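Reviewing the structure listed below.
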Amino acid sequence: MDVTAIIMAAGEGTRMKSNHAKVSHKILGKPMICWVTDAALAAGVSRVVVVIGSHADEVRALLDTTYTGDDASRIECVEQTERLGTAHAVRVALEATGIDEGPVVVLNGDLPLIQADTIRTFAATVADGSHAAAVLTMTPPDPFGYGRIELDESGSIARIIEQKDCTPEQAATLLECNAGCYAFDGALLAAHIGDVTNDNAQGEYYLPDMLEILKAAGHANTIYHCEDYRDGLGVNSRAQLAELTAIARDRINARLMAEGVTFIDPAQAWIGPDATIGRDTVVWPQTHLIGHSTVGEDCQLGPNTRLTDTRVGDGCSLDETVAIEAVVDNGVTCGPRCYLRPGTHLLDGAHVGTHVEIKKSTIGEGSKVPHLSYIGDTQMGAGVNIGAGSITCNYDGKNKHATTIGDRTFIGSDTMMVAPVNIGSDAITGAGGTITKDVPDGALALERCEQRIIEGYTERRRARL
Ligand code: UD1
Ligand code: CA
């Protein structure tokens with residue numbers, strides 16, 4: 001059966017004290033809205049309706065750039081221009097899309113750790129017709145701020161009371177909390193969403209009121225209690241953002257350790273949910289893997305390494321390395337302190353050393369760029385050695401130009417390769433040369449003033465002063 005997910009992401013997020021949409025804040029490098037959207041997509045829903053409002057353009061752009069292909073075709077945005085509460089957000093979504101049947105799962109946009117399995121089980125609960133609604137509940141150590149579940153004698157929900165509407169006694173005794181994940185029978189949801197009123201402490205239309213309304217109309221509901229309360233925690237503040245980041249980090253690192261990855265200190269490595277690491281790789285402290293980064297087996301990562309959307313093969317060592325959209329093959333060593341920018345491709349056995357920056361360049365098999373270099377827009381062959389301090393001068397102030405270097409070529413220290421320039425195979429450039437003309441295969445290129453020796457100079461100078 002086709003399941004629709006509605007993700008509510010229009011709220012102001014006032015408690016974040018931010019100039020950005022709350023759901024755009026990241027957990028392990030991934031915006032909260034994408035955690036929730038990914039969970040819905042992974043659960044197999046056919047349609048994801050994201051309700052946007054506050055910072056709508058920012059959230060829409062985030063979704064547009066993150067999702068492509070089939071995923072993108074399942075996601076649509078609906079704008080809630082006036083934010084009158086969560087029930088209003090759902091009403092706007094239903095009216096804009098015309099959805100009035102099938103299971104509808106409604107998710108808070110600030111519920112990043114929700115699991116795909118939970119959403120799936122949840123949708124099934126209403127799909128079989130036994131219940132009109134289901135609510136995910138939990139008992140967190142600190143229930144403050146959550147809507148509290150009041151159960152009836154039969155164990156189903158009598159009503160949900162928001163923290164601000166609770167009497168002190170209710171706040172102290174009703175410890176089962178609403179996680180902000182609901183499943184509804186779409187037809188009943190559409191028929192009754194207009195019955196919600198805003199007669200409460202905050203003057204808002206509360207979606208949790210739907211439970212009491214549906215019950216009054218004779219429709220059964222059920223709770224679905226999270227075994228692990230952490231799946232249901234929401235993010236309203238920066239403190240909660242940090243708390244959930246730590247939970248997500250610990251879960252991911254525990255999974256990776258179970259899969260055979262060593263962490264020197266799992267509390268000091270931030271591996272994103274979409275990153276992968278192969279067995280026997282060692283993760284040193286202060287390592288970050290962001291986006292769709294993949295690392296093979298038997299690697300050493302860090303300390304102080306940050307990889308964004310970067311692919312690393314087996315047996316590599318990346319010490320104090322920052323890499324963005326780079327590809328690193330097998331047996332490559334990098335750092336300490338190197339910067340691999342987009343379009344970098346390091347072939348097997350390459351070495352990129354200390355204070356080296358590479359951009360949009362291929363470094364061939366076994367080639368070495370060990371010290372203090374900038375290599376940009378360059379195709380380099382195999383077995384090349386780049387002397388310390390050598391750079392490609394790829395930018396003339398207006399355009400970028402290419403450099404090519406053949407196989408086994410030796411670039412002397414402090415060589416300036418002024419692009420566009422082609423340096424052949426088995427060539428040598430003398431130290432300190434500014435190479436502006438192509439160098440043929442097997443040639444030596446020298447560009448150097450003759451050295452003068454002025455004997456006894458120091459003594460004469462001292463006598464003058
Ligand atoms: C909500 C629930 C509460 C639950 C908690 C779980 C309501 C009234 N209360 O409280 O029972 O325990 O989540 O974390 O629903 N939003 C809109 N449009 C609006 C208002 C909100 O899209 O007009 C979105 C927000 O962006 C957010 C979500 O709905 O992603 C929840 O809103 P929020 O204000 O965070 O509700 P809570 O006070 O946390
Ligand atoms: Ca919230």
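Both counts, for ligands and for their atoms, begin at 1 and track the order of listing. Only a predicted model underlies this, so the values are computations on that prediction, with no experimental measurement involved.
In terms of protein heavy-atom proximity, atom 35 (O) of ligand 1 is nearest to D110 OD2, 3.1 Å. The protein heavy-atom contact nearest to atom 1 (C) of ligand 1 is N108 ND2, 3.8 Å. The shortest contact between atom 12 (O) of ligand 1 and any protein heavy atom is with N178 O, 2.5 Å.
For R311, the CZ atom counts as loosely surrounded, since its 6.0 Å shell holds 12 or fewer non-hydrogen atoms of other residues, nucleotides or ligands.
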**OP:** For the pair V50 and V78, evaluate side chain to side chain contact (heavy atoms under 4.5 Å, CB included) and give the outcome as yes or no after the intermediate values.
**Re:** CA-CA 6 Å; V50 183; V78 162; over 6 Å; no
Original post:
Could you walk me through whether I391 and E357 pass the side chain to side chain contact (heavy atoms under 4.5 Å, CB included) check?
Top reply: CA-CA 9 Å; I391 66 167; E357 175 176 338; over 6 Å; no
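The two atoms that bring V356 and L372 nearest to each other are CG2-N, 3.7 Å, heavy atoms only. The heavy-atom pair separating T139 from L175 by the smallest distance is CG2-O, 3.5 Å.
Each of the atoms 23 (O) of ligand 1 lies under 4.0 Å from some heavy atom of L84. Atoms of ligand 1 lying under 4.0 Å from any heavy atom of M8, numbered from 1 in the order shown and given with element: 22 (O), 24 (C), 25 (C), 26 (O), 27 (C), 28 (C), 29 (O), 30 (O).
For the 3.5 Å distance criterion, the side chains of D329 and H345 qualify, holding a donor opposite an acceptor. A donor atom on one side chain and an acceptor atom on the other are found under 3.5 Å apart for D396 and H401. Neither side chain, D199 nor T197, offers a donor N or O lying under 3.5 Å from an acceptor on the other. Looking only at atom types and distance, the side chain of K360 has no donor-acceptor partner in the side chain of T344 under 3.5 Å away. Judged by distance alone, the side chains of D165 and Y206 do bring a donor and an acceptor atom under 3.5 Å apart.
Atom 38 (O) of ligand 1 has its nearest heavy-atom neighbour, among R15, M16, E162, in R15. Of the candidates G147, G11, G145, G180, it is G11 that places a heavy atom closest to atom 25 (C) of ligand 1. Nearest to atom 20 (C) of ligand 1 by heavy atom, out of A89, A179, G85, is G85.
In this structure, Q80 is part of the shell of residues with a heavy atom less than 4.0 angstrom from ligand 1.
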Side-chain donor-acceptor pairs under 3.5 Å in residues 84-92, sequence neighbours left out?
residue : atom : partner : partner atom : Å
T86     : OG1  : L207    : N            : 3.0
H88     : ND1  : Q80     : NE2          : 2.8
H88     : ND1  : E82     : O            : 3.2

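For a threshold of 3.5 Å applied to N or O pairs, the pair formed by A10 and ligand 1 contains at least one separation below that value. The shortest N or O to N or O distance between T86 and ligand 1 is below 3.5 Å.
The part of K22 lying near ligand 1 is the side chain, judged by heavy-atom distances below 4.0 Å. Contacts with ligand 1 closer than 4.0 Å are made by side-chain heavy atoms of N236 only, the backbone lying farther away. Residue contacts with ligand 1 for A9 involve N, CA, C or O but no side-chain atom from C-beta outward (heavy atoms, distance under 4.0 Å).
With a 4.5 Å cut-off on side-chain heavy atoms, H355 and Y339 do not count as touching. Residues T262 and V283 form no side-chain contact, since every pair of their non-hydrogen atoms from C-beta on lies 4.5 Å or further apart.
Nearby protein atoms of type N, O or S around the Ca ion (ligand 2) amount to 2 (distance under 3.0 Å).
For atom 14 (O) of ligand 1, the nearest protein heavy atom lies under 4.0 Å away.
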